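Reading through the structure tokens given below for one structure.
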Protein chains: 2
Amino acid sequence: MATIVEVARMAGVSTSTVSHVLNGTRPVRPATRKRVAAAIEKTGYRQDAVARAMRRSRTDSIGLVVSDAGEPAFAEMVHGVEHAAAARGLTLVLANSAEDPEREERAVSTLLARRVDGLILAHCADSGRAVSTRLDADDARPVVLLDRVFDGSPHDQVGADNRETMRRLVTHLRGAGHRRFLLVAGDQRVPTLAERRQGFRDAIPDAELGEQTIVDSVDTASVRADVVAALRTGGATCVIACSTPLAVVGLECLRDAGIATPEQIAFAAFDGFSHSDLFRPTITTVRQPAFEMGEAAVSLLMDRIATPEASPRTLRLNQRLELRESTEDYRFREAESAPIA
Amino acid sequence: MATIVEVARMAGVSTSTVSHVLNGTRPVRPATRKRVAAAIEKTGYRQDAVARAMRRSRTDSIGLVVSDAGEPAFAEMVHGVEHAAAARGLTLVLANSAEDPEREERAVSTLLARRVDGLILAHCADSGRAVSTRLDADDARPVVLLDRVFDGSPHDQVGADNRETMRRLVTHLRGAGHRRFLLVAGDQRVPTLAERRQGFRDAIPDAELGEQTIVDSVDTASVRADVVAALRTGGATCVIACSTPLAVVGLECLRDAGIATPEQIAFAAFDGFSHSDLFRPTITTVRQPAFEMGEAAVSLLMDRIATPEASPRTLRLNQRLELRESTEDYRFREAESAPIA
DNA sequence: CTGTTAGCGCGTTCAG
DNA sequence: CTGAACGCGCTAACAG
């Protein structure tokens, strides 16, 4: 690659003039500008982002650390972040923590060393606040927390209205006659999951709270065992899974136990599955605005860089409740299909 | 952040010694090394990747351009690339072309300007070879083509054995009695899709080739129209969709036309849907080893960087044929369920 | 074994 | 309006 020096020489100007032409940072006589442009064209010159970053101490890049790049919801967030970043002329440096706090820490460290202008973080489950606070101590790069949002966090955050949507979902299901639920709540160290569980409690009257079954074990095997046990004990007319992985376990348990949805039990899931409408049973789903959350995170990050002193904001994007046949009122269905008495 | 100068001063050594301690690039007396380590610890110093890249003219980063970051198959490739990169101490710079050649070109340009050590590219449909050749001309950075693989490409490539697996699939279906297919083949400018179509031809005897219906329109609306028309004309006993988006269209058409799978028509899809086993109909699927393809791409890239002169390799990873009820032998089923004559 | 020094390619003063 | 010179933080020659 040609450097700025060659362009300058070819155009018969100094390097500084080339730089100013490139960046529009001071007036340049049209004639010289033309010559510079021609030289750039001819040499195929392009600014060296590394040297530029060095000099300006800005990289025009942002770092994103997600906890599971394979999971579709996170993939959509990545997609959204990339989209918003590219639109602003920023490049995206991506790292995956694979739900491992140590890898998360390394990833953050690497990104900081690369001098990204800002950081977007989807914390892994048990990262604690170590990373988050280390960020402040080290050198204060702007940070936005994504999806996994903490009360009283010193950072900007963007999450979903998990608690409210769960409340809405449960209220709807109660309206359809359900009184006893099996909530597959998952790892309560994950804020998202804790919020959803809280929303569940919000929607259940105190008197009935004792009758609800909540599975909050962490590893898949335990979840499976607990769900199987809960299904055997019986009582629940509706299963609510708080994430896609949990829904997978839940549906597997139902299938293996030969329990049909929605005929024998209702089922709803957060995050859910793609193309739910094409397959049976179609699953009632709370859909995250994952792409938009990614975009919003970039937006918050840019605002923060522009005004470092503003007080931190937490954005909650609305989730969509997609009602499908897996939660159709089973009493109603029974009544209809039963022979006329 | 502290710089190397402060560390050197605090340890009472020169910056070069600090550098050599950090990089293990020449022997340092244990005593001084200790002092340096202590100084690093106290200052919280960390190497500046930007300055380092400047000096070494290596960024320890690789660029990845995908054509659709939202699609699960690509998300898995991204995941695989990230994984393999991180394992080698490389960071990943991600860009998305959204199937737009212009954005693809910009992305490549940006990554080159950032001086990534190498580039992994999942070309978008109509990128032509412009980008690919420009890469050679500009400054020869190593490039690996991912998923969308070209015959006689000058670059290393990693794809899947699309042609062979399609042949296997069709052979299996013919064994189950199917003679007339509706192949939803998609945009033939995408090598992956062209290969799959070729595999289809391989498996059909010349005499029967004329009876097959192949839909290779490009935009969704046309595909839908063509599929609907083909279904109406009838004749096909089996639909094969060559990608997830095409499968979506296909299944929607079947649903809207009230045609049941597998009772009335068999169905198979490439790439397919996640958690296919949990929903009905369970779809016979050709699964791409997307994650592994991502890993392999990094591997090829590193090999290329190590030995620039080696002749380019094309890796074809095996796809998995997952047979499910959507292609169960429908004649057999009919015979079974029909009343005994 | 260690220190000195010269750039990597650019943006930005400060003079003209 | 333009050019000369400096330095961002680091590594690699070269010298000791």
Side-chain angles (χ1 to χ4, degrees), chain A residues 1-37 39-40 43-61 89 109-110 112-117 138-139 141, chain B residues 1-37 39-40 43-61 89 109-110 112-117 138-139 141:
Chain A
M1 271 290 288
T3 80
I4 200 172
V5 189
E6 308 174 44
V7 174
R9 192 169 34 213
M10 180 176 296
V13 297
S14 76
T15 59
S16 91
T17 298
V18 177
S19 171
H20 287 300
V21 168
L22 248 32
N23 302 315
T25 175
R26 87 178 173 194
V28 174
R29 200 194 308 164
T32 35
R33 200 184 318 168
K34 271 260 163 31
R35 289 215 312 289
V36 170
I40 288 174
T43 54
Y45 167 79
R46 197 167 31 206
Q47 289 180 302
D48 181 326
V50 177
R52 216 147 171 270
M54 181 93 184
R55 191 54 242 240
R56 304 194 313 154
S57 58
R58 279 191 43 192
T59 54
D60 292 327
S61 69
S109 204
T110 304
L112 252 24
R114 286 216 123 73
R115 295 224 222 136
V116 291
D117 294 341
D138 247 30
D139 55 338
R141 288 236 176 282
Chain B
M1 271 289 289
T3 80
I4 201 174
V5 189
E6 306 174 43
V7 174
R9 191 168 35 212
M10 181 176 296
V13 298
S14 76
T15 59
S16 91
T17 298
V18 176
S19 172
H20 285 120
V21 168
L22 247 31
N23 302 316
T25 175
R26 87 181 174 193
V28 174
R29 198 196 308 167
T32 33
R33 199 185 320 169
K34 272 260 159 38
R35 288 214 313 288
V36 170
I40 287 173
T43 53
Y45 168 79
R46 195 169 33 206
Q47 287 179 301
D48 182 324
V50 177
R52 224 153 161 261
M54 180 92 183
R55 186 57 239 240
R56 305 196 312 156
S57 57
R58 281 192 39 193
T59 53
D60 291 328
S61 68
S109 202
T110 305
L112 252 24
R114 286 219 124 72
R115 294 224 223 136
V116 292
D117 293 342
D138 248 28
D139 56 336
R141 290 236 173 282

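Everything quoted here is computed from the prediction, not taken from an experiment. Order of the sequence lines sets the chain letters (A, B, ...), proteins ahead of strands, with each chain counted from 1.
With no hydrogens or angles considered, no side-chain donor-acceptor pair links B:Asn23 and B:Arg56 at under 3.5 Å.
Applying the side chain to side chain donor-acceptor pair (under 3.5 Å) definition to pairs two or more places apart or across chains, none involves residues 27-36 of chain A.
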If a protein heavy atom is under 4.0 Å from the base, mark B; if only from the sugar-phosphate, S; if neither, -; do that for nucleotides 2-11 of chain C going 5' to 3'. BBB-BBBBBB
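Using a 4.5 Å heavy-atom cutoff, the side chains of B:Leu22 and B:Ile40 are in contact. Contact annotation: the side chain of B:Val7 never approaches that of B:Met10 to less than 4.5 Å [non-hydrogen atoms, C-beta and beyond]. Taking the side chain as every heavy atom from C-beta outward, B:Ser14 and B:Thr17 approach each other to under 4.5 Å.
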